Number of protein chains: 2
Amino acid sequence: MSLSGIFPIDRWNFTTQSILNILSEEDYQILVDNQSEQKYQKGDVIFREGSVPSGIFLVRSGKIKKYKVDQIGKEQIIYVANKGELIGYHAVLAEERYPDSASALESSSLSFIPKEDFFEVIHRSPSFTQKLLKALSHEFTVLANSISVFAQRTASERLAIALIVLREKYKDDNTAGHEIILNISRTDLANIAGIAQENVIRLLKEFKAEGILQTEGRKIIIKDIKLLIKRANYR
Amino acid sequence: MSLSGIFPIDRWNFTTQSILNILSEEDYQILVDNQSEQKYQKGDVIFREGSVPSGIFLVRSGKIKKYKVDQIGKEQIIYVANKGELIGYHAVLAEERYPDSASALESSSLSFIPKEDFFEVIHRSPSFTQKLLKALSHEFTVLANSISVFAQRTASERLAIALIVLREKYKDDNTAGHEIILNISRTDLANIAGIAQENVIRLLKEFKAEGILQTEGRKIIIKDIKLLIKRANYR
DNA sequence: CTGATAACACGATATTTATCAGTTTTTTAT
DNA sequence: ATAAAAAACTGATAAATATCGTGTTATCAG
């Protein structure tokens, strides 16, 4: 089920396109082929806020969280990158240090692309640059959406929205069966929705009672997406 | 006083560059010269969320707020654009409808740039495109900062941060005297910080008692930026 | 398989923040 | 200059959410 069929599309833009979709054959070879792949275990850090980027990363498999940690050690997850997405390229393009950290949400595999290779494609291929500009602009509107969500929505709405977005990201992971299963810790969920972990548990219980989802240990199975959407909209 | 001298720079990136700084002589002429200027009174709407963009706007003078309105009419200000900044170009580049609305925060003057002219410069000038890519990437990190602020900071921290950012934006407005005066309504402040308007008033009173600022009617005069910064950092 | 460790869960309480229902002051328009 | 409207301000109350303490269950390494 496509979300855009249910929602006014501009209000509910929370997903970005895979970078692989905007690469030409030739650019693909330079950027993606011949790049070594590296495995990361759950929790392994890919880069740390404040360090100087030497290249960008392509997510081959798994899921990567981008997050910031505040003074008292609280973590805020800004984005969850999925298979096919690039991470760390904003900092490279802006010629700045990493504004956030990245680590593996689950076992993942990444390709490292040296920034020289990235810039080579940008300089050589105006069409790639323009597609990148478009993708970046879209990502921008996605992020702007998130701000109004965090600033104005209640805890339960934020959690509901987080679950809706994650559902899209976990869609392709479940080879067996037709149900979408989110395999994510309560703590990570709390850090995505920006609420206390205990509150996540209480709200999940509510959602469960309403028939929206089921839980099996840490696994969350979304049973009724329409109800979940109603919960996200609710006021 | 530069903020980056006080803060770890990556944590406190809340301002973006004027687009005029990244334009070559030639590009400037196409984009900016010969464009008609239009006046907007305080509150006048420049474009509305969901409508189709036919071009972009350059802020010649004044201040423009970009905002989203939710189901119950609550407004969230996402960004305040100052003299020299472009607005509406993300939507044009992404080939999407406007994800937010824009209206004048005070009497302002804007130039309209048809999207054809904008695209012409992009196609003609790879250097402009690359500068745009860089600017956009930077804006992205700015926005990512905002998310962690909204998700994790208390009301008083958010207000303090809003005041720090606004102070930078109102810096050049006060021709007379050396103090920086914010001429902004409590309601707009509330909609920037994402808190209730009554709370803004109460918190301003606190800040006043601490010697951080003074008020004169609607005007807010920042007296002690270091204390204000401490308030933003405080925990 | 099993002990250790981390994650999950839950209730009570404290804290923060929003809402409501006003009054006073400031700003705006005539 | 003055009336009308809008914005600023105040206190009381209600609602939402975080924190704390503690028990339980799941997960993982050896």
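Hydrogens, waters and symmetry mates play no part in the numbers below; they use all other heavy atoms, side chains included. We name chains A, B, ... by the order of the sequence lines, and we start the count at 1 in each one. Model, not experiment: these values are computed from the prediction.
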Write down the distance between [atom1] ([X]) and [atom2] ([N]), rounded to a whole number of angstrom.
{"X": "A/N183", "N": "C/dC8", "atom1": "CG", "atom2": "C1'", "answer": "14 Å"}
{"X": "A/L203", "N": "C/dA9", "atom1": "CG", "atom2": "P", "answer": "12 Å"}
{"X": "B/K42", "N": "C/dT28", "atom1": "NZ", "atom2": "C1'", "answer": "10 Å"}
{"X": "B/E216", "N": "C/dT25", "atom1": "CD", "atom2": "P", "answer": "16 Å"}
{"X": "B/L182", "N": "D/dA7", "atom1": "CG", "atom2": "C1'", "answer": "17 Å"}

Checklist entry - Quick one: what's the B/S/- string for nucleotides 8-18 of chain D, heavy-atom cutoff under 4.0 Å, read 5' to 3'? => result SBBBB----SB
Quick one: closest heavy-atom pair of [X] and [Y], and the distance?
{"X": "B/E37", "Y": "B/S109", "result": "OE2-OG, 2.6 Å"}
{"X": "A/D70", "Y": "B/Q152", "result": "OD2-OE1, 3.5 Å"}
{"X": "B/A232", "Y": "B/I161", "result": "CB-CG1, 3.7 Å"}

Item to check | cation_pi(B/K169, B/Y79) dist<6.0 Å, angle<=45 | outcome: yes
Next on the checklist: For B/F140, give me all partners under ring-ring contact (aromatic ring centres under 6.0 Å, His included), at least two apart in sequence or on another chain.
Outcome noted: A/H90
Checklist entry - Just by modelled atom types, is the A/I222 backbone N or O under 3.5 Å from a matching donor or acceptor in the A/Q214 side chain? => result no
Next on the checklist: Quick check: do A/R158 and A/F150 have side-chain heavy atoms less than 4.5 Å from each other?
Outcome noted: yes
Checklist outcome for this item: The correct list of stems in which DNA chain C takes part (3 or more consecutive Watson-Crick or G-U pairs, distances under 3.5 Å) is C:1-30 with D:1-30
Item to check | Crowding at CD, B/Q41 (>12 non-hydrogen neighbours, <6.0 Å) | outcome: no
